[in-house]
Number of protein chains: 2
Amino acid sequence: MAKRPVPDIVVGRLPIYLRELNYLVEERKFITSSQELADRLGFSSAQIRKDLSFFGEFGKQGAGYETLFLRDKLSEILKADRVWDIVLVGAGYLGHALASYGGFLGRGFRIAAIFDNDPDKIGRPIGGLVVQDSRELPQAIQDNGWQIAILAVPAAAAQEIADTLVASGIRAILNYAPRILNVPPGVRIQYIDPVIDLQHMTYYL
Amino acid sequence: MAKRPVPDIVVGRLPIYLRELNYLVEERKFITSSQELADRLGFSSAQIRKDLSFFGEFGKQGAGYETLFLRDKLSEILKADRVWDIVLVGAGYLGHALASYGGFLGRGFRIAAIFDNDPDKIGRPIGGLVVQDSRELPQAIQDNGWQIAILAVPAAAAQEIADTLVASGIRAILNYAPRILNVPPGVRIQYIDPVIDLQHMTYYL
DNA sequence: TAGATTGTTAATCGATTAACAATC
DNA sequence: TAGATTGTTAATCGATTAACAATC
């Protein structure tokens, strides 16, 4: 029951809560509290209760939260209660690792296709899929209605491919290329650059 | 000249500035402004000036910033003006991709060694290195004085390995396992979990 | 019931932005 | 110089936390 737009920073924490709830369920802990979650995640219990309160009342006073119930609620809110097709662009080492990653399925995502522009890679099988020619990318996106892409290409190629993706209907991009991408409003981007994270830490060493 | 502890959120943006400055230098743009940087990064110019002001005065009124100079200053601040050895734990697909990633060198990092506990993987060459036995990990960390580790192991093994790493002297961990890690104060952790980023975006779809 | 924990409000804390004097 | 842009201050904005009534 979100009356007002939920702060993006709150949305960003929900997947972390969801992941932890899944671990709790795995451990057969069917009841938890904001305090227990806070301890496990390193957050404050007040923050967890506040975050959840943007979306509804999921707990019982004095009793805490049912993990199965809260897990399902967060799944719904994040639209993680279905399987999303992802189109993967880039069939290098990283693309290979992502295509072979067992952690997507079971958490709501499936690599549906892999594209690359390297003739040596096109046609080769990777993790149960065959690498397709990048030139067929726009048509394939439109035909299949894919909305999510993972970019695992060299930095120099990232912006151009992003333009193609967006023009073809992609609305969310997980970008592994070490580049800020320019996209129109309404298209979401998340960035993963391990060097950024490493340099963040070396500051403190 | 940081008088007070610099907010961590500011430290976290410095690597992004540094990366963009390197692109500017590549493009042979030797002068820039907070406004140009802001446009390229999608930040506000005030924020960039404020962030930099925690560390000194790097620009000239009316003229802007010399990209080479500012790049070098940020490199120093982030300790990216040297090459850090990284110990990589986990020789699966992801470990393979990381070991073969060309983007570390040139940005201050070098995979110095790879460890795994799988007998089938130990002894095999990956990206110019030979996978070593995890049991030798503590000794190797101590002998070489490694301070940074990348964790690319299954979630179930992550905490135990993190404990070993920390006990052996590691002070910064880039964790690809989808788990919050418990470490003593003084040890930095950064998390990379693509599913978290994907679920953050599906909320808006 | 008594004890515990939620959901929520108000207070605090921190980060971002606007604005402008300083000055190159 | 005139124009431009920094560095910094103060104001605004937003996020986190503390506290507690509600209530299971």
Side-chain angles (χ1 to χ4, degrees), chain A residues 1-17 20-21 24 29-74 77 180 200 203, chain B residues 1-17 20-21 24 29-74 77 180 200 203:
Chain A
M1 264 148 251
K3 315 153 203 200
R4 321 242 173 156
V6 179
D8 183 64
I9 198 160
V10 172
V11 175
R13 280 192 293 261
L14 297 189
I16 301 173
Y17 300 159
E20 204 62 30
L21 284 161
L24 283 163
K29 297 199 170 183
F30 299 114
I31 297 287
T32 189
S33 66
S34 58
Q35 189 55 59
E36 181 177 39
L37 274 170
D39 290 343
R40 292 174 65 120
L41 295 174
F43 299 159
S44 80
S45 66
Q47 179 165 79
I48 290 171
R49 292 197 302 280
K50 184 116 219 292
D51 285 353
L52 295 177
S53 77
F54 281 99
F55 303 94
E57 308 190 356
F58 304 123
K60 294 204 203 325
Q61 275 106 325
Y65 302 89
E66 288 185 26
T67 51
L68 284 164
F69 176 76
L70 184 54
R71 192 252 308 252
D72 290 348
K73 284 301 181 186
L74 289 179
I77 292 164
I180 299 285
H200 187 162
Y203 173 83
Chain B
M1 261 146 252
K3 314 151 203 202
R4 320 242 173 156
V6 179
D8 183 65
I9 197 160
V10 172
V11 176
R13 280 191 294 262
L14 298 188
I16 300 173
Y17 300 159
E20 203 62 31
L21 284 160
L24 283 164
K29 296 199 173 185
F30 299 115
I31 299 287
T32 189
S33 65
S34 59
Q35 189 55 59
E36 181 178 39
L37 275 170
D39 290 343
R40 291 174 66 120
L41 295 174
F43 299 159
S44 80
S45 66
Q47 178 164 78
I48 291 172
R49 292 197 302 278
K50 184 118 221 291
D51 285 354
L52 296 177
S53 78
F54 280 100
F55 302 95
E57 307 189 357
F58 304 124
K60 294 203 204 324
Q61 276 106 327
Y65 302 89
E66 288 184 27
T67 52
L68 284 163
F69 177 76
L70 184 54
R71 191 250 311 250
D72 290 349
K73 283 301 182 185
L74 290 178
I77 293 163
I180 299 285
H200 186 163
Y203 173 82

Query raised in the report: Has S34(B) got a side-chain N or O lying under 4.0 Å from the OP1 or OP2 atom of dT6(D)?
Result: yes
Query raised in the report: Think Y65(A) has a side-chain N or O under 4.0 angstrom from the OP1 or OP2 of dG7(C)?
Result: yes
Can you tell me the distance, in whole Å, between the [atom1] atom of [X] and the [atom2] atom of [N]?
{"X": "F55(A)", "N": "dT6(C)", "atom1": "CZ", "atom2": "P", "answer": "18 Å"}
{"X": "L52(B)", "N": "dT8(D)", "atom1": "CG", "atom2": "P", "answer": "11 Å"}
{"X": "F58(A)", "N": "dT8(C)", "atom1": "CZ", "atom2": "C1'", "answer": "15 Å"}
{"X": "E66(B)", "N": "dT5(D)", "atom1": "CD", "atom2": "C1'", "answer": "14 Å"}

Considering all heavy atoms, the nearest [X]-[Y] contact:
{"X": "V6(B)", "Y": "V11(B)", "result": "CG1-CG2, 4.0 Å"}
{"X": "A38(B)", "Y": "S44(B)", "result": "CB-C, 3.7 Å"}
{"X": "I77(A)", "Y": "Y203(B)", "result": "O-CD1, 3.4 Å"}
{"X": "L21(A)", "Y": "L70(A)", "result": "CD1-CG, 3.6 Å"}

Query - Residue pairs fulfilling salt bridge (Lys or Arg N to Asp or Glu O under 4.0 Å) with at least one residue in residues 48-61 of chain A, sequence neighbours excluded - result: R13(A)-D51(A)
Report summary line: So salt bridge (Lys or Arg N to Asp or Glu O under 4.0 Å) across residues 36-48 of chain A, not counting sequence neighbours, yields E20(A)-R40(A), E27(A)-R40(A), K29(A)-E36(A)
Atom pairs under 3.5 Å, N or O on each side, protein against nucleotides 13-20 of chain D: can you list them with distances?
residue	atom	partner	partner atom	Å
dT16(D)	OP1	R13(A)	NH1	3.1
dT16(D)	OP1	Q47(A)	NE2	3.4
dT16(D)	OP2	R13(A)	NH2	3.0
dT16(D)	OP2	Q47(A)	NE2	3.4
dT16(D)	O5'	Q47(A)	NE2	3.1
dT17(D)	OP2	S44(A)	OG	3.0
dA19(D)	N6	R49(A)	NH2	3.1

Query - Trace of the side chain to side chain contact (heavy atoms under 4.5 Å, CB included) decision for Y65(B) with I48(B) - result: CA-CA 12 Å; Y65(B) 302 89; I48(B) 291 172; 5.5 Å; no
Query raised in the report: Just wondering, do Y17(A) and L52(A) contact through their side chains at under 4.5 Å, heavy atoms?
Result: yes
Query raised in the report: Do I31(A) and T67(A) touch side chain to side chain, with heavy atoms closer than 4.5 Å?
Result: no
Requested in this report: Could you walk me through whether H200(A) and L14(B) pass the side chain to side chain contact (heavy atoms under 4.5 Å, CB included) test, one step at a time?
Outcome: CA-CA 8 Å; H200(A) 187 162; L14(B) 298 188; over 6 Å; no
Query - Set of side-chain contact (heavy atoms from CB on, under 4.5 Å) partners for F69(B), sequence neighbours left out - result: F58(B), E66(B), K73(B)
Between protein and nucleotides 21-24 of chain C, what N or O pairs are separated by less than 3.5 Å?
residue	atom	partner	partner atom	Å
dC24(C)	O4'	Q61(B)	O	3.4
dC24(C)	O2	Q61(B)	O	3.1

**Report entry** Paired and unpaired positions of DNA chain D as dot-bracket, Watson-Crick or G-U wobble under 3.5 Å, | denoting a partner strand
**Finding:** ..||||||||||||||||||||||
